[in-house]
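Any value given below was found using the heavy atoms of this structure, including those in side chains, with hydrogens, waters and symmetry copies removed. Start at 1 and go down the list; that is how both ligands and their atoms are numbered.
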Amino acid sequence: MEILILAVVIALVAVGAISGLVVSSRKKKQLPPPQAPSSTPTITAPPAEPHVGEEAETPREEPRRTIEEVDLPTAEEALEAPAAVEDPLVAAPPAPEIEVPEPTAGRLVRLRARLARSQNSLGKGLLTLLSREHLDEDTWEEIEDTLLTADVGVTPTQELVERLRERVRVLGTRTPEELRALLREELLTLVGTDLDRTVHTESDLDTPGIVMVVGVNGTGKTTTTGKLARVLVADGKSVVLGAADTFRAAAADQLQTWGERVGARTVRGPEAGDPASVAYDAVKEGIAEGADVVLIDTAGRLHTKTGLMDELGKVKRVVEKHGPLDEILLVLDATTGQNGLVQARVFAEVVDITGIVLTKLDGTAKGGIVVAVQRELGVPVKLIGLGEGPDDLAPFEPEAFVDALIGD
Ligand code: GDP
């Protein structure tokens with residue numbers, strides 16, 4: 001009997017030891033990749049837990065071990081496993097808590113209440129006016145004013161009013177449901193449903209996608225770069241940030257904090273240093289560590305157009321030594337109305353903008369700027385900022401946006 005008990009105990013200990021080894025072997029595979037040597041000055045801690053999407057990227061992992069290898073570890077391996085966890089290089093840095101950003105799907109629907117102010121003045125205002133029993137000239141003028149006040153822009157406003165007049169005439173008597181459907185359809189046409197609003201973060205080459213974020217300081221550029229890093233991490237991508245806004249003293253710290261929260265490295269240079277060299281180093285670092293995307297924040301001093309052109313042009317040229325830029329996002333503050341449109345024009349002359357990010361749409365009744373700026377640049381709005389919270393950046397979805405404007 002005693003022998004039997006002893007045999008069972010030995011068997012249990014053996015099974016425990018082997019399963020412990022399997023677990024530690026798996027844990028080992030989840031350790032972040034070793035830091036690539038780099039000349040860049042500051043690199044923040046890598047993510048403690050790589051995202052699910054990264055598992056497929058075998059080049060950055062240790063070679064996979066077969067079941068047999070896992071089941072039959074050597075004594076050295078068994079002893080090494082716990083030691084690796086205690087390794088001061090891994091354990092020492094005061095690793096900030098890595099956050100898990102919210103998924104991006106459906107963000108705009110979730111944040112639709114933030115568009116409340118736009119909703120009141122634009123969509124709901126239009127519906128109320130269109131519901132009047134007699135649509136006389138004064139009412140049409142009010143409809144026009146409502147659109148202009150919401151920054152839709154003169155030409156799109158005239159187009160919309162003309163189409164609404166025509167359709168309301170054809171409709172004759174109008175039920176509230178019919179009017180809502182009609183307005184929804186026309187606003188959607190105005191906003192555009194067939195534009196490519198994907199933020200292009202994938203390179204055609206075997207290198208990270210490169211995204212440059214431009215815009216006037218104060219528009220929310222750095223915040224947007226940080227939020228975008230979270231969006232990408234939420235989508236399973238690894239990100240390196242380039243703090244090329246060396247003009248604003250706090251910008252690099254701000255960006256680094258955003259990065260640390262989701263485990264993205266930030267490459268930065270000396271204060272007031274050369275933005276182009278920081279951008280270059282960031283892409284170099286991204287390539288070295290096999291990152292999926294490099295996001296570059298830039299300085300947006302509109303001191304003179306020539307100055308801006310020289311600076312951004314140089315950043316672009318220098319970065320392109322590594323490969324072409326995949327996306328150039330222009331950040332515009334939606335509350336600045338016409339000023340924003342002027343900025344858009346200037347930046348578009350300097351670099352080839354491929355997408356627009358409209359920030360601060362939560363604090364304005366000027367939702368119509370979406371239409372105006374797309375017309376102005378012929379470039380789609382791809383993302384919108386709806387608050388100061390870390391996950392308050394939403395992919396722009398025309399249907400959800402228009403529904404939010406009209407209200408349910
Ligand atoms: P930068 O100079 O363009 O880099 O501007 P920052 O990124 O520092 O942002 C300027 C201010 O705008 C900060 O206080 C941000 O929190 C705020 N901000 C940025 N995006 C939004 C947004 O979508 N909504 C609101 N309400 N505030 C925002």
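- From D281, atom CG reaches atom NZ of K284 across 5.5 Å, with rounding to the nearest 0.5 Å.
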Practice task
Check the pair M212 / L312 against side-chain contact (heavy atoms from CB on, under 4.5 Å), numbers first and verdict last.
Solution key: CA-CA 10 Å; M212 187 159 100; L312 278 186; 4.3 Å; yes
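- Protein residues with any heavy atom under 4.0 Å from ligand 1: V216, N217, G218, T219, G220, K221, T222, T223, K227, R248, Q254, T359, K360, D362, G385, L386, G387, E388.
- Residues forming a salt bridge (Lys or Arg N to Asp or Glu O under 4.0 Å) with K227 (at least two apart in sequence, or on another chain): none.
- To the nearest 0.5 Å, atom CG of residue L393 and atom CG of residue L108 are 10.5 Å apart.
- Scanning both residues, P380 and T354, for their nearest heavy atoms gives CD-O, 4.1 Å.
- Within a 6.0 Å sphere centred on CG of D196, heavy atoms belonging to other residues, nucleotides or ligands number more than 12.
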